[in-house]
Amino acid sequence: MTEDITVGKKLKAKYPEAVINGKTFRGELTININKDYIQRVAEFLCEDKETAFDYLSDLCGVDLSRLDGSSNFEVVYHLYSMELNHRLRLKVKIPASNPRIDTVINVWKTADWHEREAYDMFGIIFNGHPNLQRILTPEGFNGHPLRKDYPLKGRQPDSLRGVYREGKQ
Amino acid sequence: MTIATQVMTINMGPQHPSTHGVLRLLLELDGETVVKATPDIGYLHRGIEKLAEHKTYHQFIPLTDRLDYLAPMSNNLGYALAVEKLLDIEAPKRSQYIRVIMCELTRISSHLLWLATHALDIGAMTVFFYCFRERETINDIFEMVAGARMNLSYIRIGGVARDLPDGFTEKTRDFINTFMDRLKDYETLLTKNKIWLMRTKGVGVISAEDAINYGLSGPCIRGSGVRWDVRKSEPYSSYDEMDFLVPVGENGDVYDRYLVRLEEMRQSNEIVRQAMDNLPEGEYIADIPDVALPKKEDLKQSMESLIHHFKIVTGGICPPVGEVYACVEAPKGELGYYIVSDGSKNPYRIKIRPPSFVNLEVLEKMIVGHLLADVVAVIGSLDIVLGEIDR
């Protein structure tokens, strides 16, 4: 727990305008970050000796529209430090109308596929990603299925009817 | 004289026995050397994360079986732990030990299937049959306990579905007493086998730094010499009370990952033994009526239990608003569940962090510059399951 508090303080001292707020729930520290700072914050957290978040466990998108009524997406980063054995959750809000955020591949290479998945599922565009293509859904797929306004049953164009066995074929 | 050469693109999979499922690889070859390899995934995408948003917390458990279908217990456990964290409850000690026994048997079973198919890919057929013989016994044990052989759905929020049945102890003890010798037999077939060494040593090498940066976990990262195991670093479900070692490799090649998994099976065998020796008495599911299911035996005896069961299964439970991330050491690596709750009976968002998905990402880095025949060796050594990659 003391580790967690120092992480928040350190980050605030380094980039005071980047940190929006922090919260601890069930022993997990979450820090909300301003979207323009994500690359710098990621680099700092990875390289600083006292935070040493050298491992990106997970990266995913969340559609906030039915949670707080806003039309925002959230990109959530789960960080882990091999050396210090602590975790941190970073969250960045981005508007659903213009879902763009900088990539963190330059810090953690593992972010490549995670970001492609977030693009596939939510349509979040990661600036600077070398190969931002759909990863789980097929080519020619229409829409982003994990958005809350996407129906559970799916909604597919005629070109993919054969793939989904909806047509005569 | 110069001979004009050109790079050839060939398609490996999605229906290919050594891609371990429906993985498709686009390989660019210069002669027999791999120049570029692009994995194409998603053939098994069933939208499990989307489905989760339309199910109650209890209803999602059977879907977790379908992630890594070779290790359903670990998937169940990771999910149950995440929901328990969200609810701020703890499973009773006995159920924690049962969970450990089941998860370690699962690890052995998953590693056995990996060893069988990995050896088969490289051409050692005998091992395949031996491993399936052992796995059969584990499946029988699972059938005794959970009623199914593959998709077990045995672990519940707050405990497990039912207590260990009669005859379980004898059957499992028989297995763990003989398994060590059996494992020795397999090792004599492979570990010092010259062909095996030539096919696996120095192939698919990844350094410790790269392994961390690429987010590898489980035996894949330990093969590169990083001593990191979630069971040790963030113990869950009473793993801190078990005495076991975390084996690591040195070179980060296919051979070291093979050695690590073999040793892990031995350690798992010992964990099962310890957990069975020290299995505490008590309840197998927490007595928290508003979130946990009633005991199975009570259902047949008492009307109130039946109503209780009905209410929870049909109405669901409403955890507090918040978000949690819980992870377990699945046979393939760090399996994490990130749950966002809006306080309603359906999870607002569930993100699964599948270890195979992240481990597969590194494939291209491992095989570029190697021969086409090494591709199957490297895929085998990553131990991927497409069920959890595609979700």
Side-chain angles (χ1 to χ4, degrees), chain A residues 23 25-28 30 46 54-64 66-68 74 76 78-89 91 105 107-114 116-118 120-122 131 133-139 141 145-148 150-154 163, chain B residues 38-45 47 49-51 53-54 85-88 208-217 221 226-228 230 232-234 320-327 334 336-338 340-344 348-354 357-362 365 389-391:
Chain A
K23 190 183 164 192
F25 178 73
R26 305 280 189 250
E28 295 176 6
T30 308
C46 178
D54 50 0
Y55 190 84
L56 177 69
S57 259
D58 191 28
L59 186 163
C60 68
V62 178
D63 181 354
L64 294 179
R66 305 288 185 273
L67 192 65
D68 57 9
E74 207 166 49
V76 185
H78 284 98
L79 310 183
Y80 176 70
S81 165
M82 289 278 166
E83 200 188 323
L84 304 172
N85 190 20
H86 59 175
R87 286 186 186 269
L88 170 68
R89 181 183 301 125
K91 293 206 296 185
I105 292 185
V107 186
W108 302 287
K109 292 207 182 74
T110 178
D112 186 346
W113 281 19
H114 287 303
R116 279 178 66 187
E117 190 187 325
D120 195 359
M121 295 295 146
F122 291 92
N131 180 30
Q133 290 179 23
R134 288 188 179 274
I135 187 163
L136 293 179
T137 57
E139 257 176 72
F141 191 86
L146 278 180
R147 287 187 178 184
K148 287 285 174 184
Y150 192 90
L152 178 64
K153 191 177 164 241
V163 178
Chain B
T38 319
D40 182 11
I41 58 174
Y43 289 88
L44 212 59
H45 182 59
E49 289 174 8
K50 182 83 178 176
L51 287 169
E53 294 171 10
H54 295 262
K85 195 172 189 182
L86 186 61
L87 293 164
D88 206 12
E209 281 150 33
D210 279 343
I212 294 174
N213 203 258
Y214 275 98
L216 291 188
S217 54
I221 197 170
V226 181
R227 202 177 291 274
W228 175 58
V230 182
K232 284 278 188 199
S233 63
E234 295 152 282
V321 179
E323 51 188 345
V324 291
Y325 178 83
C327 58
E334 180 194 343
Y337 286 86
Y338 172 52
V340 182
S341 159
D342 59 353
S344 73
Y348 184 78
R349 165 98 167 100
I350 290 186
K351 170 73 195 341
I352 301 151
R353 188 255 188 225
F357 178 82
V358 189
N359 291 349
L360 181 62
E361 207 178 332
V362 84
K365 191 176 167 57
I389 292 176
D390 295 342
R391 280 156 287 150

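Protein chains get the first letters and strands the later ones, always in sequence-line order, with residue 1 at the start of each. Because only heavy atoms are used, hydrogens play no part in the values below, and waters and symmetry mates are left out as well, while side chains stay in.
In this structure, the portion of A:Arg147 lying under 4.5 Å from any heavy atom of chain B is its backbone and not its side chain. Only the backbone of B:Ile389 comes within contact range of chain A, with at least one heavy atom under 4.5 Å from a heavy atom of that chain. Within the 4.5 angstrom heavy-atom criterion, only backbone atoms of B:Val321 (N, CA, C, O) approach chain A. Contacts between B:Leu216 and chain A at a heavy-atom distance below 4.5 Å involve the backbone alone (N, CA, C, O). Neither the backbone nor the side chain of B:Arg227 has a heavy atom closer than 4.5 Å to any heavy atom of chain A. With a threshold of 4.5 angstrom between heavy atoms, B:Ile221 approaches chain A through side-chain atoms but not through N, CA, C or O. Both the backbone and the side chain of B:Ser217 come within contact range of chain A, judged by heavy atoms closer than 4.5 Å. For A:Asn85, the part lying under 4.5 angstrom from a heavy atom of chain B is the side chain only. In this structure, the portions of B:Glu49 lying under 4.5 Å from any heavy atom of chain A include both its backbone and its side chain. Interface residue A:Arg66: backbone and side-chain heavy atoms are both found under 4.5 Å from chain B. Using a 4.5 Å cut-off between heavy atoms, B:Val324 contacts chain A through both its backbone and its side chain. In this structure, the portion of A:Val107 lying under 4.5 Å from any heavy atom of chain B is its backbone and not its side chain.
From A:Thr137, atom OG1 reaches atom CG of B:Asp390 across 11.0 Å, with rounding to the nearest 0.5 Å.
Because its NZ or CZ atom is not both nearer than 6.0 Å to the ring centre of A:Phe25 and within 45° of the ring axis, B:Lys85 does not count as a cation-pi partner of that residue.
Looking at A:Asp58, its side chain never comes within 3.5 Å of a backbone N or O of B:Arg353 through a donor-acceptor pair. For the pair B:Asp342 (side chain) and A:Leu67 (backbone), a donor-acceptor distance under 3.5 Å is absent. Side chain of A:Glu28 to main chain of B:Tyr325: a donor-acceptor pair is present (N/O by atom type, distance under 3.5 Å, no hydrogens or angles).
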*Give the C-alpha distance, both sets of side-chain angles, the deciding distance and a yes or no for salt bridge (charged side-chain N to carboxylate O under 4.0 Å, His left out) between A:Arg26 and B:Glu323.*
CA-CA 9 Å; A:Arg26 305 280 189 250; B:Glu323 51 188 345; over 6 Å; no
_Please determine whether side chain to side chain contact (heavy atoms under 4.5 Å, CB included) holds for the pair B:Arg391 and A:Glu117, giving the CA-CA distance in whole Å, both sets of side-chain angles, and the decisive distance to 0.1 Å._
CA-CA 12 Å; B:Arg391 280 156 287 150; A:Glu117 190 187 325; 2.9 Å; yes
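Side-chain contact between A:Thr110 and B:Asn213 is absent, with no heavy-atom pair separated by less than 4.5 Å. Between B:Leu360 and A:Trp113, the closest side-chain pair of non-hydrogen atoms falls below 4.5 Å. Using a 4.5 Å cut-off on side-chain heavy atoms (C-beta onward), B:Ser233 and A:Tyr80 make contact.
With respect to chain A, the highest number of heavy-atom pairs below 4.5 Å among B:Glu53, B:His54, B:Lys50 belongs to B:Lys50. For the set B:Lys351, B:Glu361, B:His45, the entry with the most heavy-atom pairs within less than 4.5 Å of chain A is B:Glu361. No other option in B:Leu51, B:Val340, B:Val362, B:Leu86 has as many heavy-atom pairs under 4.5 Å with chain A as B:Leu86. Among A:Asp68, A:Asp63, A:Leu56, A:Asn131, the residue making the largest number of heavy-atom pairs under 4.5 Å with chain B is A:Asp63.
Under the rule for a ring pair (Phe, Tyr, Trp, His ring centres under 6.0 Å), the partners of B:Tyr338 that lie at least two apart in sequence or sit in another chain are A:His78. Residues that satisfy the ring pair (Phe, Tyr, Trp, His ring centres under 6.0 Å) test with B:Tyr214, not counting sequence neighbours, are absent from this structure.
Across A:Gly61 and B:Arg349, no two heavy atoms sit closer than the pair O-NE, 2.7 Å. Pairing each heavy atom of A:Lys148 with each of B:Tyr348, the nearest pair is NZ-O, 2.8 Å.
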